[in-house]
Novice: 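Handing you this structure, nothing more for now.
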There are 2 protein chains.
Amino acid sequence: MTRWLITNGTFLTMDDSNRQFKGWMAIEGTQIAALGEGDAPHDELAIAKEVIDGTGLLYLPGLVNTHGHSAMTLLRGIGGDRALQDWLSNYMWPLEAKYTGDDVYWGSSLAAVEMIKSGTTTFVDMYDHMNRVAEVVDTSGLRASLMRGVIGLCSEEQQKEKLAEAVRFATEWRGAANGRIQTMISPHAPYTCPPEFILKFVEVAHEFDLPIHTHMSETIAEVEQNVRDYGSRPVEHLDRLGVFSRPTLLAHAVHLTDEEIALLAERKVAISHNPVSNLKLASGVARVPDLLTAGVTVSLGTDGAASNNNLNLFQEITAAALIHKGVSGDPTVIPAIEALRMGTVYGAQSIGLGSVTGQLKAGMKADFIAVTLNQPHFVPLTDLASHLVYASNGTDVVHVWVDGRQLLRNRELLTLDEERIKAEAQRGYERING
Amino acid sequence: MTRWLITNGTFLTMDDSNRQFKGWMAIEGTQIAALGEGDAPHDELAIAKEVIDGTGLLYLPGLVNTHGHSAMTLLRGIGGDRALQDWLSNYMWPLEAKYTGDDVYWGSSLAAVEMIKSGTTTFVDMYDHMNRVAEVVDTSGLRASLMRGVIGLCSEEQQKEKLAEAVRFATEWRGAANGRIQTMISPHAPYTCPPEFILKFVEVAHEFDLPIHTHMSETIAEVEQNVRDYGSRPVEHLDRLGVFSRPTLLAHAVHLTDEEIALLAERKVAISHNPVSNLKLASGVARVPDLLTAGVTVSLGTDGAASNNNLNLFQEITAAALIHKGVSGDPTVIPAIEALRMGTVYGAQSIGLGSVTGQLKAGMKADFIAVTLNQPHFVPLTDLASHLVYASNGTDVVHVWVDGRQLLRNRELLTLDEERIKAEAQRGYERING
């Protein structure tokens with residue numbers, strides 16, 4: 001395996017010691033082999049096939065986007081600034097009904113372009129035609145946790161078919177693309193899947209050793225409906241159904257009581273916080289400082305591009321650091337480094353990849369990004385974590401590596417044809433909207 | 001005067017008719033001479049000295065940043081994530097006390113670099129050593145409204161000197177740089193200027209026909225102190241002192257009652273909303289939808305880079321469009337086009353430049369920017385105002401013109417030496433912090 005070396009770089013490791021230093025990093029094959037402060041050791045220089053000068057660059061782990069529907073890029077900008085039900089019923093659902101596998105392929109390809117160019121190296125995706133998303137992961141070189149999102153408001157027979165398809169996808173694609181594809185199983189939400197159907201997901205999750213991902217408590221209306229229909233709020237409801245007996249990632253979780261937060265902490269359930277989508281759709285502001293205090297792992301997701309409207313996880317990191325200060329009245333909550341943890345190490349941990357990605361550490365996969373410090377908003381060079389969160393944005397990312405392979409070089413994509421993808425995505429939108 | 005032409009561009013005029021069209025625009029000297037849909041007329045092509053192809057570019061008015069302290073770029077990233085009084089007393093004030101005129105010059109130059117590169121063409125600046133900021137405006141080619149910010153917590157003699165200096169600056173520099181510099185007068189805030197001192201600002205504002213700019217009601221503590229010290233909340237207090245008898249721009253105005261909003265509307269007082277600074281310092285969320293409904297002109301400001309931490313007004317536009325939806329629970333408040341108005345036309349109107357800048361309109365100054373549409377986050381090309389607000393960011397700005405003169409071409413600055421400015425700003429910070 002080829003061993004190569006970065007020298008003279010600035011590194012933000014995001015590991016427990018929270019180190020920021022000038023130094024070097026050696027990559028061997030798909031992994032980070034070693035890293036350290038100061039000049040590279042002579043033996044590293046001796047065995048390196050290639051040495052890259054990292055002067056002026058800040059290296060950090062690639063970002064982990066823990067909730068999204070990548071093919072929804074084709075619906076970007078449609079029906080914005082409207083009430084949620086109007087937006088869903090009159091814009092999203094009628095258009096999504098027209099999606100073909102090709103639309104999912106090009107929409108997800110466009111998402112991959114955006115994500116790589118803004119520093120995301122791992123993403124979670126829940127949609128339909130997931131084999132086409134898996135193809136995009138394979139081609140692009142990204143890492144992903146993929147799943148068929150299943151809405152259960154249909155006949156028992158249809159439910160059975162959909163579940164079988166979800167299990168088939170999860171078991172067939174798990175470990176594909178050199179291990180870069182992991183899979184989960186996903187009942188869409190408590191309000192779109194009857195309890196007896198959710199029980200079946202729990203069963204197969206145990207049978208096939210799959211984690212569970214679902215939407216929960218995004219809106220107040222949804223929580224109230226849960227109480228009306230099932231006599232309990234969503235956390236208790238899902239707990240009773242046994243969902244939390246599996247590793248679980250919940251998207252949104254905006255509306256929570258103290259008791260629900262305590263139970264989520266006890267059950268070690270992870271939360272994907274989607275601040276921009278929650279603001280744009282006026283869902284509310286999640287109780288993230290309380291969740292973190294309770295010990296819940298909170299990561300960040302963009303949600304689909306139709307409710308964001310981009311897939312730049314740096315914007316979520318910034319939003320998470322800012323909004324909870326303003327709403328709580330406490331400027332010390334979610335400091336910059338904690339927001340970065342949410343976008344990296346906590347993201348990896350929340351999808352079972354805590355020992356694989358999300359930190360710069362010997363033995364972990366070489367999933368990392370380089371940010372140029374030669375920008376006016378990085379002057380003066382004071383607190384780099386603060387600058388990344390409050391002053392920078394995704395366009396300062398210049399290089400991206402996943403699994404030791406470079407996907408972006410000087411903002412040029414190496415694995416995807418950006419111009420063709422933009423043209424095909426535009427065509428896909430025009431067909432759907434035609 | 002040279003007349004030149006842009007053809008095949010997409011234009012977002014931000015005028016009352018709210019037009020978005022493919023077409024052409026003619027510039028003559030410092031002004032927009034004409035614009036229209038479709039192909040450029042033959043007579044325009046005949047008289048144009050130069051024709052620029054605007055294919056793939058979106059042209060819109062340059063942004064107007066209505067509140068800031070540009071020299072504070074030197075303190076970017078210092079003392080972040082701390083309580084307000086800790087941050088001010090232990091970080092900002094001790095360092096600001098060491099500022100020289102040169103620090104203000106290089107700090108403001110760095111601010112100019114950032115602002116031009118993110119599409120701002122006019123900015124409001126309140127600080128000390130303002131003649132050095134005026135030099136930067138002159139050199140950079142930007143448009144600005146400048147003022148000495150005066151803190152009155154000192155002897156009567158010092159107050160007198162400071163006020164005289166503020167008046168001298170305002171009268172000497174008004175109309176300088178080919179009319180690109182306008183001036184105002186600024187008592188820093190009701191809590192830093194005793195009432196009898198504020199009265200003197202009102203007097204000179206009338207005598208020299210100057211508008212007034214001040215901070216107001218940024219924090220709850222400040223409002224409570226005003227009630228304790230003067231028996232009324234800040235709006236009533238300033239109204240009684242006659243401040244609103246002059247054209248007035250108030251920064252922040254986070255904490256307002258219904259009665260205060262009604263009075264601000266009646267007195268035609270303009271508000272500079274600084275959403276990112278208000279979130280970062282945990283000041284709270286201003287009642288912007290209520291202010292707009294009441295007919296108050298609300299524009300956007302970045303505040304200083306130390307509490308933001310950049311000067312990218314696109315981030316304020318996005319924050320304004322997102323946060324008020326999330327906090328109010330209504331996804332229809334501040335739609336994309338309204339957020340863009342806050343960043344352009346309302347900004348110009350709030351500083352007396354409503355007939356000068358902030359719109360693409362024949363007879364107005366040629367202050368405009370071009371955004372490249374060839375970005376993944378602009379695909380599909382649906383609602384361009386939505387894309388600008390929710391999907392784009394300042395780095396999509398490729399060209400900038402002010403007063404008919406190009407300041408940025410393909411993201412290269414034409415009037416400022418970016419590399420030297422970054423180096424001098426870094427040195428300034430190191431000296432101050434040394």
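Letters go in sequence order (proteins before strands), and every chain restarts at 1. Just so it is clear, the model here is predicted, and its values are computed rather than measured. Note that these values count all heavy atoms, side chains included, but never hydrogens, waters or copies made by symmetry.
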Novice: Indicate the atoms forming the closest heavy-atom contact of B:Pro331 with A:Ala282, along with that distance.
Specialist: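 Closest approach of B:Pro331 to A:Ala282, heavy atoms only: N-CB, 3.4 Å.
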Novice: Listed by chain and number, what are the ring-ring contact (aromatic ring centres under 6.0 Å, His included) partners of B:His324, not counting sequence neighbours?
Specialist: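 If we apply the ring-ring contact (aromatic ring centres under 6.0 Å, His included) test to B:His324, skipping adjacent residues, the hits are B:His273.
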Novice: Checking B:Leu281 against chain A: side chain, backbone, both or neither under 4.5 Å from a heavy atom?
Specialist: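 Only the backbone of B:Leu281 comes within 4.5 Å of chain A.
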Novice: Can you pull out every salt bridge (Lys or Arg N to Asp or Glu O under 4.0 Å) where at least one residue sits in residues 310-331 of chain A? Sequence neighbours excluded, please.
Specialist: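 Counting only pairs at least two positions apart or across chains, the salt bridge (Lys or Arg N to Asp or Glu O under 4.0 Å) contacts touching residues 310-331 of chain A are A:Lys325-B:Asp81.
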Novice: Need one label for A:Val276: side chain, backbone, both or neither, based on atoms under 4.5 Å from any heavy atom in chain B.
Specialist: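 Contact with chain B is through both the backbone and side chain of A:Val276.
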Novice: Please rank A:Ile421, A:Val327, A:Asn374, A:Ile78 by heavy-atom pairs under 4.5 Å with chain B and give me the top one.
Specialist: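 With the most close heavy-atom pairs to chain B, the winner is A:Asn374.
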Novice: To the nearest 0.5 Å, what is the distance between CD (A:Glu430) and OG1 (B:Thr382)?
Specialist: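 Going from CD on A:Glu430 over to OG1 on B:Thr382, the span is 11.0 Å.
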Novice: Quick check: do A:Thr73 and B:Val379 have side-chain heavy atoms less than 4.5 Å from each other?
Specialist: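 No. Closest side-chain heavy atoms not under 4.5 Å.
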Novice: Where is the tightest heavy-atom contact between A:Gln315 and B:Tyr390, given as atom of each residue plus distance?
Specialist: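 Heavy-atom minimum between the residues: OE1-O, 4.4 Å.
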Novice: Minimum heavy-atom separation for A:Pro380 and B:Arg76, please, with both atom names.
Specialist: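 Between these two residues, the closest heavy atoms are CD-CB, 4.0 Å.
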Novice: For B:Leu74, is it the side chain, the backbone, both or neither that has a heavy atom under 4.5 Å from a heavy atom of chain A?
Specialist: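 Contact with chain A: backbone only.
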Novice: Provide the closest heavy-atom pair for B:Leu279 versus A:Ile323 in the form atom of the first, atom of the second, distance.
Specialist: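 What the structure gives for the nearest pair is CD2-CA, 4.2 Å.
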Novice: Heavy-atom distance under 4.5 Å to chain B: side chain of A:Gln426, backbone, both or neither?
Specialist: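 Backbone plus side chain of A:Gln426, per the 4.5 Å heavy-atom cut-off to chain B.
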Novice: Using the test ring-ring contact (aromatic ring centres under 6.0 Å, His included), find all partners of A:Tyr91 that sit at least two apart in sequence or belong to another chain.
Specialist: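 Partners of A:Tyr91 under the ring-ring contact (aromatic ring centres under 6.0 Å, His included) test: none.
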Novice: Which region of A:His377, side chain (C-beta onward) or backbone (N, CA, C, O), has a non-hydrogen atom less than 4.5 Å from a non-hydrogen atom of chain B, or is it both or neither?
Specialist: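 Contact with chain B: backbone and side chain both.
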Novice: Considering only heavy atoms, give the residues of residues 300-313 of chain A separated from chain B by less than 4.5 Å, sorted numerically, with 'none' for an empty result.
Specialist: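 Answer by number: A:Asn308, A:Asn309, A:Asn310.
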Novice: Counting heavy-atom pairs closer than 4.5 Å to chain A, which one of B:Asp383, B:Asn278, B:Leu381, B:Leu75 comes out on top?
Specialist: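 Winner by heavy-atom pair count: B:Leu381.
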Novice: Can you tell me which portion of B:Asn433 sits under 4.5 Å from chain A's heavy atoms? Options are side chain, backbone, both or neither.
Specialist: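 Neither part.
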Novice: Between B:Thr318 and chain A, which part of the residue has a heavy atom less than 4.5 Å away: side chain, backbone, both or neither?
Specialist: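 Contact with chain A is through the side chain of B:Thr318 alone.
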Novice: To check you understand the geometry: which heavy-atom pair defines the closest contact between A:Glu114 and B:Pro376, and what is its length?
Specialist: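 Between these two residues, the closest heavy atoms are CG-CB, 3.8 Å.
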